[in-house]
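Chain identifiers are assigned alphabetically (A, B, ...) following the order of the sequence lines, protein sequences preceding nucleic acid strands; residue numbering begins at 1 within each chain.
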Amino acid sequence: MLKKTTLLIVFGLLGFIAFPDFTYGQDIKPKRFSISGYITEAGSNEPMVGASVYIPRLKTGTVSNGFGYYSLTIPGDSVTLYFSYVGYEVQSIHFSSPASEVRNVSLKEGKTLNEVTIIGRIDTMPKTAESVQMSQISIKPSDVKSIPALLGEKDVIKVLQLMPGVQKGSEGSAGLYVRGGGPDQNLILLDDAPVYNAFHLFGFFSLFNGDALKTIELTKGGFPARFGGRLSSVLEMRMKEGNQQKIKGEGGVGLIASRFTLEGPIWKNKTSFLVSGRRSYLDVLAAPFQNSDSKAKFYLFDLNAKINHTFSNSDKLYLSGYFGRDLFGFVERQSVFGEKEEAGLFWGNATATLRWNHVFNPRLFLNTSLIYSRYRFNIYNESNRPGSNFSLKYYSGIEDFSAKADLDYYASTSHQIKFGGAAIYHIFTPSAIVLKDASAGEFKNEVKEYGSLESAVYVEDLFRVNENLTLNPGVRATSFYSDGVTRFRLEPRFSSRYKLKSDLAIKASFADMNQYIHLLSNTGIGLPTDLWIPSSPNIGPQRSQQIALGLAKDIAKYDLTFSLEGYYKRMNQIINYKDGASFFDVESSNNITKTYAWEDQIVKGKGWSYGLEALLQKHVGKFTGWVGYTLSWTQLQFPELNEGKKFFARYDRRHDISVVGMYKFSERFSMSATWVYGTGNAITLPVSSYQLPQFQPNPNPASRFLDGFNNAQEFTNRNAYRMASYHRLDVALQWHNKSKWGEATWELSVYNMYNRKNPFFYYVGSSTGMNGQQVNSLKQITLFPLIPSLSYNFKF
Amino acid sequence: MKRSLLFLLILPLIFACERDATIPPPQTDKKLVLSALLSPDEEITYVYLGWTAPIFLPNSQNEQIISNGEVTITGPGGSFTLKYNSENNRYFFRKSDFQILPGTSYTVRAKPPGGKEVFGTTLIPERTENNFQVSILDSNKMVNYDGKEYYSYLFKASMVNNDLKNAYYQTYGYYLYLNGIDGSGKPDSSFYDLQQNYELSIFSGEGKQGKSFSKTFPSGSIFEGNGNSNVYMFLLFKGNEEFKNFQESLYNYDGENPFAEPTRLFKNVEGGLGVVSGYLKEKQILIK
C-alpha cells in the first residue's frame, strides 16, 4: 500500500515537472511571462524571507524563499503586484507590458508601531489559513529580545519552548522535546550546518545568539520532502547577511555574559560582513577572589561570522561560520616544587557554510552549499611534577563534511517544484583516549573513528489545484552507508490545505521520517557527555510516521490567528541506554566479537505520541503575544526496560500552557510577561530497600559465595510517578532611549515572579526520629527561586 | 573520574535549595526476597529469604531476614525442605539431601509463617566439554631487596563454547597466600583475587557455538612479603540466562546519579523479588 502511494506520488511529481502548465479545467492557455527578483529590506539590503507577493485580480501569489527570491509566472496581461511583509510598508508595482522581467524590491519599515497596513484587499498580517504548511512555528528575533529570560540571557530555544507541541526538559533546561520526541530527534540547522550539541552551561542556555539571526523556524510535523534526517523536528535558523549599505552595531551587557554584533558593507550593495560574539565573564569576576595557586575556570563563548558577495542578480556567494566553546576546569600550582595540576572538561561546536545562490532563469533558482560541522567533548587531566609527567586526554564527538543542492522551479502559478539532494560524510568518535604517564612508561593512544555516508534526494510540488485547495506532495529517498552495509529508505510526504472560507482552512499532513544517527543519553537534559553514534549493521535507523489534522483561522478584525492541530506519531527502532550504562562504557564492551562496542550498552524500542495543540497568536499592534495549549501523551516500550511494559516518557506532559504578552506603552517603555504551566514530569522513585546475597564466588572453602549482602532498592514502575506541576511567571520591563547615535535599552526582568518552588528532582532524605529510628522522607531540590536581573542593550 | 565529572555536572545544585516534597511519597507493602543459586558442583547450596523494607513506612528498616520461613526445592526427583543456618542466615541443603542435575529444571518455593508463597524456576545448563585451559602468556623475573628471585605471570584462561543452547561464561583467577601457621600448628592459607579490575566480563554464547573465549589475569606485584606461593586457581562458571541477567544488573546497579534513570536488579521470582538461577563450575589448579 505504502509502496503504491509512493509510486503514485513520484510519477505524479514527474508528470508535473514535465507538464508544468497543466491545471485542471484550463483548456486555453494565454501566453505567460515571469516576474522575479529579490525582496530586501530598504536601508540594509537584507533579504526578506517569507515576504508576500500577491496579485489580487488573479487571486494568486507567492512568498519569497529562504534567500528572499521570488518568481511568479502569470498569464500575459497587465498586472499589479503587491509586496508585503509584517511591519513593513506595502509596495505595489504595475506591469503593463506582458514581458518577463527581473524586478528587485525593497520594503521600508512601517512608520507606525507594527500595525497592519491595509491597501485595498492587501494587508500585511500573516495568514495562517493561507499557508499549506502546518505544524510550523516562526519566531521573530525581535520577540526573542522582548521576552523575559533567566538571568537576562535571551534564548531562542527557550522562546520556542513556549509554543504548543514544544516542551522543555527540566527546570531551566534549553532542551527541546517536540511532539514526544527526544532531544536527539531535532535537526538543528544554522545556515544549513547541523549543530550537534546546541547547549551552553550543561544545558541551561542554548548557543544561538539572537543578534546574529535573521529567521528562526521550527517544523514539528507535515515535513516537506526537503527536510529529513531526524524524526521529530527541524529547527532552521539563518544568520543575517550583514548590512550592505552602512555599518550597524548592537550589543548587550548582562549579568553573566555580554555580546556584540557588528555588520556593514565592505563594498556597498555588493559585499557585506557580520561578526557577532558573546562571552561569559564569571571567571573574570571571580579572578580577584581566587588564590593564584589554585584557580577554577569557567567560561563560554560564541563567535558568528558571515561574509557575502553579490556578483550579479543571478549569482551570490556566502561564507558563514560559528565557533563556540564551554570550558570548566581548575589549575593548581605548588610554587615550592614547581608542580602543576590541571583538569577539566570543555566542549563546543564549529560550523562553516559556503553557499552559492544562482538564478539559471527566472523560473529556476539554485542554492548549493558545502558544509562543515564538528562537535567535540573533551576531558583532560595534566600533572607535571618533578620526575613525573602525566597527561590524559579523552574526547568524543562527531564531524560532518557535506554538500547539498536545492533547486526551486517556479513552473507556473499552480506548481512550484522543489528538488535537490545532499550527501553527508559523518565521522563518529565515540571515544578517544590519549594517555601519557612518563613515570610508569605508559603511552596509550586509542582513537576509534567510524565513517559513514548519508545521502538523500527529494522532490516536492507545491500544487495550487484551485483557489481553495493546495497540495504539497513529495518524496525523499535516503541512504546510509556504514560498515559495509547500505540501507535505503523511501519517505513519502504529503500536506494539503483546503479553504472553507477566505479566512478558514482545514489542513492535513503525513510524514514518514528516518533517522540514521542516534544520540546516546541517559539524562535527556542535553549534557555534553551525550554521544552521537551511527546506525550499524545491527542497529537500524529510527523511523517515525506522523499524521496531523488541523484547522487554521485568521481573525482579521482583531489581528489574530488561531490554529488547532491534532497529531499521532509512531516511532520505531528508537534507542536508549540499558539500565545503568553510561558514556564511560561505550568502548568497554564485554563482547570481544563486536565491532561497535556501544551496541552492548543500548536497547531498541518503540514509541507513540499523540495530542492536540491550540495556538492563538496576535502578531501586530501595540500588544502582541500568544496563548498556547498542548494536551499530549507520549509512551515508550523497550523489551529490556520496565519488564517490557509500556511506560510514559520522562517528559510526557498531559497539559502544557504558555501565555506570552508583549506590550509597547510608548516609544520609550515596553513590558513583557510569560506564564507557563505544565504537568509534572514522569519519574521513577524508590519504594523499598532490600538485601541480596553477594554474587562473587568465594574461592576459600568456608562458604561457596561471599557472605556479604548487596543493598538494593525496589522502584516504582518506570516513570510511574509524577513530579509536582510546574508553573512560573516571568516579567520584564524595558526602557528605550533613542539618541543621535542609536538606541539604548535598559531591561529589568524577574524570573519566577511569585517564587514558585518548582521541583528539579526528588530524592530520599533520612533523619533520626524521636525513638532513634531512621525516618525517610521525600525531598525536592528547587533550582531557581525568584531571580531579578538587569541588562543593558544598545544598537546603532 | 566518574565521580568528579558527576560533581562538575551537578555543581549548579550548590546554588539550589532543598525542601520537603509537596507530593505524597509512593507507598508500598513489604515483599519477599528470595535468592537461590543452584549448581550440581557445590557440596552445599544456600538460599536466602528476607523482606523488603518500604522506604517511606516508619520503622520498616528493622529485621529483614526471615529465619522461620518454609523453603522447599522441587525437581524431577521430588521435593526437599531446606534447613536454616543461623550462622550465615541462609537456608541450605547438601548434595546428599537433594541432587541438582545438569539440564534439569528446579523450582524453589518460599513462604513466611502464615504468609503468601513466592517461587522461582530455573533450568540448570547442560554439561558440555568446554576445553577449559590455563596457560602462561608471559613471565617476568624480579629480584627482591634480599636478593631472592620472584616471578610475575600473565595467565590466560580459555574455553570453547560447545553448548548448542544459549550459555554464558565467566572466569575467575586466584593465588594462594600463606598466612602463616594457625593455633593448631597447621599452615593457614587463603586464596586471593588475581583480577586487576572488577569489570564484569561475561562471554555470551548466543549464536557463537564453537567459538572460543579467553581472559587474561596478570599476577602483577602480588609477590611481596613472605606469604607468596606458587599455587593458582582458576574457576569457570557456566550460567543460564537468569545468571547472566542478574550478574549484569548487579554490575550496572547505580543509584547515585539523580539525573539518570535508576537501575533495577533483575528478578525472576514470582510474587516477590530476587533471583533463582543455575550454573556449572569447573576448576583448574596451576602450580608453578
More than 12 heavy atoms of other residues, nucleotides or ligands under 6.0 Å from [atom1] of [X]: yes or no?
X        : atom1 : result
B/Asp29  : CG    : no
B/Lys156 : NZ    : no
B/Lys283 : NZ    : no

What closest approach, in Å, do [X] and [Y] show between heavy atoms, and which atom pair accounts for it?
X        : Y        : answer
A/Leu692 : B/Gly274 : CD2-CA, 4.3 Å
A/Ser689 : B/Ile55  : N-CG1, 3.9 Å
B/Trp51  : A/Tyr690 : O-CB, 4.3 Å
A/Ala712 : B/Leu265 : CB-CD1, 3.3 Å

Quiz item: Given a strict heavy-atom distance threshold of 4.5 Å, which part of B/Phe246 is in contact with chain A: side chain, backbone, both, or neither?
Solution: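 Looking at B/Phe246, just its side chain touches chain A.
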Quiz item: At a heavy-atom separation under 4.5 Å, does B/Lys30 approach chain A through its side chain, its backbone, both, or neither?
Solution: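 Contact with chain A involves no heavy atom of B/Lys30 at all.
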Checking heavy atoms, do the side chain of [X], its backbone, both or neither come under 4.5 Å from chain B?
X        : answer
A/Glu714 : side chain
A/Pro686 : both
A/Val687 : both

Practice problem: Identify which of A/Glu643, A/Arg722, A/Lys757, A/Met723 forms the greatest number of heavy-atom pairs closer than 4.5 Å to chain B. | Solution: A/Lys757
[X] vs [Y] side-chain heavy atoms within contact, under 4.5 Å:
X        : Y        : result
B/Asp20  : A/Leu778 : no
A/Tyr721 : B/Pro24  : yes
B/Lys31  : A/Ser688 : no
B/Arg264 : A/Gln713 : no
B/Thr22  : A/Gln780 : yes

Practice problem: Among the options B/Val33, B/Val275, B/Asn245, pick out the one with the most heavy-atom pairs lying under 4.5 Å from chain A. | Solution: B/Val33
Practice problem: State the CD-OG1 distance between B/Gln27 and A/Thr716, to the nearest 0.5 angstrom. | Solution: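 Reported value, rounded in 0.5 Å steps: 12.5 Å.
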Practice problem: Find the distance between CD (A/Gln691) and CG (B/Asn89) and round it off to the nearest 0.5 Å. | Solution: 9.0 Å
Practice problem: Mark yes or no for whether A/Asn776, through its side chain, and B/Phe56, through its backbone, hold a donor-acceptor pair below 3.5 Å. | Solution: no
